[in-house]
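Lettering follows sequence order; numbering is per chain, from 1.
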There are 2 protein chains.
Amino acid sequence: MAVSAHRGAPLSPEEIYATALRLIDAGGVEGLSMRKLAVELDVNPMSLYHHIDSKTTLLQRVCALVGAQLSLPPDDGAPWPQQLRALGHACRASARRHPSLWLYAQSHPEVTGSDHRLWRALDRILTAAGIGPDDLAHARKALFALLSGFILGETTGALDEQGGAADLDETFESSLDFAIAGLAAFHR
Amino acid sequence: MAVSAHRGAPLSPEEIYATALRLIDAGGVEGLSMRKLAVELDVNPMSLYHHIDSKTTLLQRVCALVGAQLSLPPDDGAPWPQQLRALGHACRASARRHPSLWLYAQSHPEVTGSDHRLWRALDRILTAAGIGPDDLAHARKALFALLSGFILGETTGALDEQGGAADLDETFESSLDFAIAGLAAFHR
DNA sequence: ACCTGAACACCGTTCAAGT
DNA sequence: ACCTGAACACCGTTCAAGT
């Protein structure tokens with residue numbers, strides 16, 4: 001029992017990331033510890049450090065993994081409001097699948113290393129909406145704030161506690177209407 | 001040296017909260033530990049538990065303290081866009097004073113115990129803006145998301161990394177314009 | 001090469017014992 | 001009443017020693 005005392009197969013990074021994501025979905029980022037992860041992988045806690053630098057970079061990789069799975073709307077010439085809605089729904093859907101990871105990523109944006117895919121898609125849609133280059137950064141940031149804040153509020157439950165409609169699907173659609181109408185502020 | 005071995009005065013909750021807030025502003029919520037707080041107060045770590053239940057409730061009290069200092073716009077009949085801007089500026093100003101605490105509070109909304117002052121002020125302004133009772137909850141949540149997301153992005157630096165204008169004052173004003181224009185979506 | 005036990009420097013919190 | 005030392009059950013991470 002020299003190599004991998006308890007397991008048949010050697011440890012792979014992919015296995016580590018997938019197991020970490022599963023534990024995070026089940027018990028939150030704050031519930032994930034290197035020691036628990038090792039137990040789940042049936043391995044000595046210190047063995048993990050042969051495959052990953054630190055817990056921080058582990059979380060970074062898991063965030064990248066989830067980010068890569070985002071199905072952003074393609075550049076297919078569809079009407080821009082429809083594309084904007086699709087982008088919003090893609091992010092919200094991912095956040096509902098992995099709420100704790102999104103909460104972590106939103107508080108530690110350095111882990112995503114500025115996901116340029118999202119910004120590029122958003123900029124493309126806003127340009128299609130007739131936003132000029134001078135207003136592009138402002139509009140992008142306002143939309144980022146709205147989307148990010150909605151996801152934050154839904155994830156933490158802050159939006160539930162405010163009363164009104166029980167489920168947030170309708171509220172999200174309203175917020176998208178709000179955003180689409182708000183873009184008029186950038187038409188001058 | 002029976003009572004308060006190292007200090008002249010006995011420990012007061014207010015002193016604990018104020019010192020905790022100072023340490024949080026200096027080193028972040030994750031940098032605050034009961035042990036460091038005790039050192040700062042020149043007291044045994046375990047003495048703190050005679051005055052506070054737990055670290056969680058300590059953070060709750062500190063959040064409440066900062067929340068109570070929010071200078072929300074009064075109901076003085078000023079035009080509603082002006083009042084909405086004032087409400088936004090009040091929150092952003094507080095967040096810039098205590099970024100780490102706001103980040104914590106936004107991820108743990110249960111600590112604020114649903115700050116009804118803010119919702120009531122917002123509802124009043126939205127009603128003045130002509131939003132009907134059926135749309136009030138939707139509009140409130142959309143505005144909450146935008147404001148909350150902006151503060152989150154500014155606090156974490158996510159909004160800086162996106163390029164565009166270097167300072168965010170102008171972007172915040174743009175976002176307020178965006179919000180005011182977006183409320184048209186709720187006029188039907 | 002890969003794994004591992006012991007150890008280090010931290011946590012929050014409990015509890016029995018002091019005055 | 002108020003304070004405190006020791007202890008418990010955790011952390012992430014290092015490092016020398018094993019095979």
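- Taking the P atom of each, C:dA9 and D:dA9 are spaced 22 Å apart, rounded to whole Å.
- Close to D:dC3, at under 4.0 Å from its OP1 or OP2, lies a side-chain N or O of B:H51.
- Residues passing the side-chain hydrogen bond (donor to acceptor under 3.5 Å, both in side chains) test with B:R61 are B:Y17, sequence neighbours excluded.
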* Structure fact -> The contact string for nucleotides 9-17 of chain C, one letter per nucleotide 5' to 3', using protein heavy atoms under 4.0 Å with B, S and - for base, sugar-phosphate only and none, comes out as --BBBB---
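- Sorted by first then second residue, the ring-ring contact (aromatic ring centres under 6.0 Å, His included) pairs that include residues 143-164 of chain B, not counting sequence neighbours, are B:W119-B:F144, B:F150-B:F172.
- Applying the side-chain contact (heavy atoms from CB on, under 4.5 Å) rule to A:P79 yields the partners A:P81, A:Q82; only residues at least two apart in sequence or on another chain are considered.
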Show me the donor-acceptor pairs, under 3.5 Å and distance only, between side chains in residues 97-104 of chain A and residues at least two apart or in other chains.
residue : atom : partner : partner atom : Å
A:H98   : ND1  : A:D25   : OD1          : 3.1
A:H98   : ND1  : A:D25   : OD2          : 2.9
A:S100  : OG   : A:V29   : N            : 2.8
A:W102  : NE1  : A:S94   : OG           : 3.0

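- For A:E154, the side-chain hydrogen bond (donor to acceptor under 3.5 Å, both in side chains) partners are A:R92, A:R96, not counting sequence neighbours.
- Residues near B:M46 contribute nothing to a hydrophobic cluster around it, because no ILVMFWY side-chain heavy atom sits closer than 4.5 Å to its side chain.
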* side-chain contact (heavy atoms from CB on, under 4.5 Å) between A:M34 and A:Y49, worked out -> CA-CA 9 Å; A:M34 299 299 276; A:Y49 286 91; 3.7 Å; yes
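- In this structure, A:V39 stands alone, with no Ile, Leu, Val, Met, Phe, Trp or Tyr side-chain heavy atom under 4.5 Å from its own, directly or through other members.
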* Asked: Would you write out the dot-bracket form of DNA chain D, 5' to 3', with Watson-Crick and G-U pairs under 3.5 Å, [ ] for crossing pairs, | for pairs to other strands and . for unpaired bases?
  -> ||.|||||...|||||.||
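- When rounded to the nearest whole Å, the span between CG of A:N44 and C1' of D:dG18 equals 12 Å.
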